[in-house]
J.: 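Mind looking over this structure? Questions follow.
In what follows, chains carry the letters A, B, and so on, assigned in the order in which the sequence lines appear, proteins first and then strands, with residues in each chain numbered from 1.
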Amino acid sequence: MTHLPAASVPAEESNRCQVTAKTFVDNKLIEAIDRMSELKVPSRSEDFSEWYNQLVLRAELADYAPVRGCMIVRPYGWALWENIQQALDRRFKATGHVNAAFPLLIPRSFIEKEKSHVAGFSPELAVVTHGGGEELEEPLVIRPTSETIIGHAYSKWIQSYRDLPVLINQWNSVVRWELRTKLFLRTLEFFWQEGHTAHATFEEAETETRQMLDIYTDFAVNDAAIPVIPGRKSPSERFAGADQTYSIEAMMGDGKALQAGTSHNLGQNFAKAFDIRYLDKNGTLQDCWTTSWGLSTRFIGAIIMVHSDDQGLLLPPKLAPQQVVIVPIYKTEEESARVLEAAKRIRAELVASHFRTILDEREGVSPGFKFNDWEMRGIPLRIEIGPKDLTKNTVVLARRDKPGKEGKLSINQDALAGAVGEMLAAIQKSLYDRALAFREAKTLDTENYDDFKSAIESGFAFSFWCGDPDCEQKIKEETKATLRCIPIKQPRRSGSCIKCGKPAGEQAYFAKAY
RNA sequence: CGGGGAGUGGCUCAGCCUGGUAGAGCACCUGGUUCGGGACCAGGGGGUCGGAGGUUCAAAUCCUCUCUCCCCGACCA
């Protein structure tokens, strides 16, 4: 059906046509195409935004909640989040962090203790004014992040240099009253982890901040197959209350940037505001140095927007809730019994080899429908097994990242587990390579403002910046592009500012962003 | 928060202008034929039209308010 040109589909006329033999056939075709277009997701190139929304809903990752800007994370979406959590939590634990839970409600006065923190967050706070039917003496805010309440706790817990460092993380949700929302990317409530650490020296805090940035980078690259640029934020883009903010920035499938994780060196700002102090070896009272770092369910949005296509979701094997789906193919009852028996044996074998594997035993749904259905849900690898395979002792492997016959391969059942492992690894790698090639093709090292402007129309501009906030601001006003980050790795030593032309020592990525 | 669009069975939408108490396709259920890339036939169940108020003998349809979603702008993980 897909080879029919769109122009041959006069949908409006379908109801008016007289039913001659020819128009009857045309109507049948039109109906079939209509049905197809309902089943298919809107094309990514035509309407990226609508494509994204449909994918989230149709793949059953999330749904809208009755309150504006809120999101229901459905089981499939949550399973993906759980895999993200495990991948990160493992890394946090390996670097000495422990998990804890701090309260949802924070006294309003806490937020007001750190001056730039209030300024940054007060416009987007949800405030609780009543409890138990009575107006509260002091309003409570629902945490937009937990620096303040954790700072309060740390001030009680930390007395001596022997108590340091404190390395705590928590998995929770926070609320920020955003004006413009989008599933996963920006919702009023979102799920994340927030790590909060306290240290004796600036150097230790800075090392921690950078270590966590490295962990996010490692996770994004190796588990999510998303190439990211680790870098430093400009002062205007810093977290409210931070001395230094680092982020990993990724390019989405439409060329726009997404901040996928952040790590902040909070200096002594929160320590001073919350009296987080320790007695050093010399008996001198010192303010602590603190950090915080977070990665949210927004990252699910990144996975979708980086890898997926017009067929639907495409999940990186390491994070996919299900890595392999087995679709049995049969005609008769007798075949059904034999094929299902083999399919179950294969599933057991793959599960024993620690591949997350499901068998689609649904009846009354054709194999073709199942193929499309699981492609929509982004399962990286499909195994087809039918009567022909039974006679040959084979199965067909079909990889999600290569469409149609091109991605199919018949292999012997005896070599299955090894082949599946290799194939999943190959998919993981090809997703990363593809995303990296895409980003590189859409990133321009620009020397003049005209090139800069055309670069940010389709991707990133990598340009020298003199460090003057005015230049940054003008660029934003004139082009809608923001300074995403100043990468840790600087390929060149000096050049001239893309905006004012003055000498500049660093290059930064600029892009339109989510 | 400003500008634009939209809310009618699970989904996509028609009906609204010119009020008379709801319709199609898909999905769902049952039976049968199908099944290696989105099957077909027959029968069946399901909505009071986002919510509240108003006009009217009568409201999905007209009026007012409100909620939600989408798109575009100002703020943000």
J.: Within the structure shown, what part of the strands sits under 4.0 Å from A:K388 by heavy-atom distance: base, sugar-phosphate, or nothing?
T.: base
J.: Do A:S116 and A:E114 get their side chains close enough for a donor-acceptor pair, meaning under 3.5 Å?
T.: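 Checked: A:S116/A:E114 side chains pair up, N/O donor to acceptor below 3.5 Å.
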J.: For A:R362, report the nucleic acid contact type (base, sugar-phosphate, nothing); a contact means any heavy atom under 4.0 Å.
T.: nothing
J.: Using a heavy-atom cut-off of under 4.0 Å over every strand shown, decide if A:G386 touches base, sugar-phosphate, or nothing.
T.: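 The answer is base, as A:G386 lies within the cut-off (heavy atoms under 4.0 Å) of a base atom.
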J.: Could you check whether A:P387 gets within reach of a base, just the sugar-phosphate, or nothing at all, counting any heavy atom under 4.0 Å?
T.: base
J.: Write down the distance separating the P atoms in B:rU56 and B:rC63, rounded off to the nearest Å.
T.: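 Between the two P atoms, the distance is 16 Å.
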J.: Quickly work out the A:L57 CG to B:rU12 P distance and round it to whole Å.
T.: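 My rounded result for the distance is 9 Å.
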J.: Indicate whether the side chain of A:E82 and that of A:Q86 have a donor and an acceptor atom separated by less than 3.5 Å.
T.: no
J.: If the P atom of B:rG20 is compared with that of B:rA59, how far apart are they to the nearest Å?
T.: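 B:rG20 and B:rA59 have their P atoms separated by 11 Å.
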J.: In whole angstroms, how far is the C1' atom of B:rC71 from the OH atom of A:Y514?
T.: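 Spelled out: OH on A:Y514 to C1' on B:rC71 is 13 Å.
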J.: Please state the C1' separation for the pair B:rC13 and B:rG5 - nearest whole angstrom.
T.: 16 Å
J.: I want to know whether A:F219 and A:F299 have ring centres closer than 6.0 Å.
T.: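 Yes.
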J.: Checking side-chain polar atoms at under 3.5 Å, does A:T245 have a donor or acceptor matched by the opposite partner on A:H264?
T.: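 The criterion, which ignores hydrogens and geometry beyond distance, is satisfied for A:H264 and A:T245.
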J.: Rounding to a whole Å, what distance do you find between A:E477:CD and B:rC75:P?
T.: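 Nearest whole value for this atom pair: 9 Å.
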J.: Do A:E375 side-chain and B:rG38 base share a donor-acceptor contact under 3.5 Å?
T.: no
J.: In whole Å, what separates the P atom of B:rA74 from that of B:rA58?
T.: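 These two P atoms come out 50 Å apart once rounded.
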J.: Distance check, C1' atoms only: B:rA60 and B:rG23, in whole angstrom units.
T.: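 B:rA60 and B:rG23 have their C1' atoms separated by 12 Å.
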J.: Mind checking if A:V174 touches a base, just sugar-phosphate, or nothing, with heavy atoms under 4.0 Å?
T.: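 No contact.
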J.: Counting side-chain heavy atoms from C-beta on, which of B:rA77, B:rC76, B:rC71 comes nearest to A:S49?
T.: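 So the nucleotide nearest the side chain must be B:rC71.
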J.: Can a side chain N or O of A:K182 be found less than 4.0 Å away from OP1 or OP2 on B:rC71?
T.: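 Yes.
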J.: Can you tell me how far C1' in B:rC41 sits from the matching atom in B:rG36, rounded to whole Å?
T.: 24 Å
J.: What nucleic acid atoms does A:G69 come within less than 4.0 Å of, heavy atoms only: base, sugar-phosphate, or nothing?
T.: sugar-phosphate
J.: Whether the side chain of A:K408 and the base of B:rG37 hold a donor-acceptor pair under 3.5 Å is what I'd like checked.
T.: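 Between B:rG37 and A:K408, which were checked side chain against base, a qualifying N/O pair under 3.5 Å is present.
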J.: What does A:S173 touch in the nucleic acid at a heavy-atom separation under 4.0 angstrom: a base, only the sugar-phosphate, or nothing?
T.: nothing
J.: Categorize A:L295 for me: base, sugar-phosphate, or nothing, with a 4.0 angstrom heavy-atom threshold over every strand shown.
T.: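 Nothing, no nucleic acid heavy atom in range.
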J.: How long is the straight-line distance from OG of A:S247 back to CG of A:L213, given to the nearest 0.5 Å?
T.: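 If I round to the nearest 0.5 Å, the distance is 7.5 Å.
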J.: Once hydrogens and angles are ignored, does a donor-acceptor distance under 3.5 Å link the base of B:rG38 to the side chain of A:D373?
T.: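 Check fails, no donor-acceptor contact within cut-off.
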J.: What is the distance, rounded to the nearest whole Å, between atom CG of A:D310 and atom P of B:rG37?
T.: 21 Å
J.: Whether the A:T482 and A:E237 side chains hold a donor-acceptor pair (N or O, under 3.5 Å, no angle test) is what I'd like checked.
T.: no
J.: Hey, is A:F190 stacking on B:rA77? Ring centres under 5.5 Å, planes under 30°.
T.: yes
J.: Under 4.0 angstrom, heavy atoms only, what part of the nucleic acid is A:F371 near: base, sugar-phosphate, or nothing?
T.: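 Answer is base: heavy atoms of A:F371 come under 4.0 Å of a base.
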J.: Describe the nucleic acid contact of A:R68 in one word from base, sugar-phosphate, nothing, applying a heavy-atom distance below 4.0 Å.
T.: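 The residue A:R68 makes sugar-phosphate contact but no base contact.
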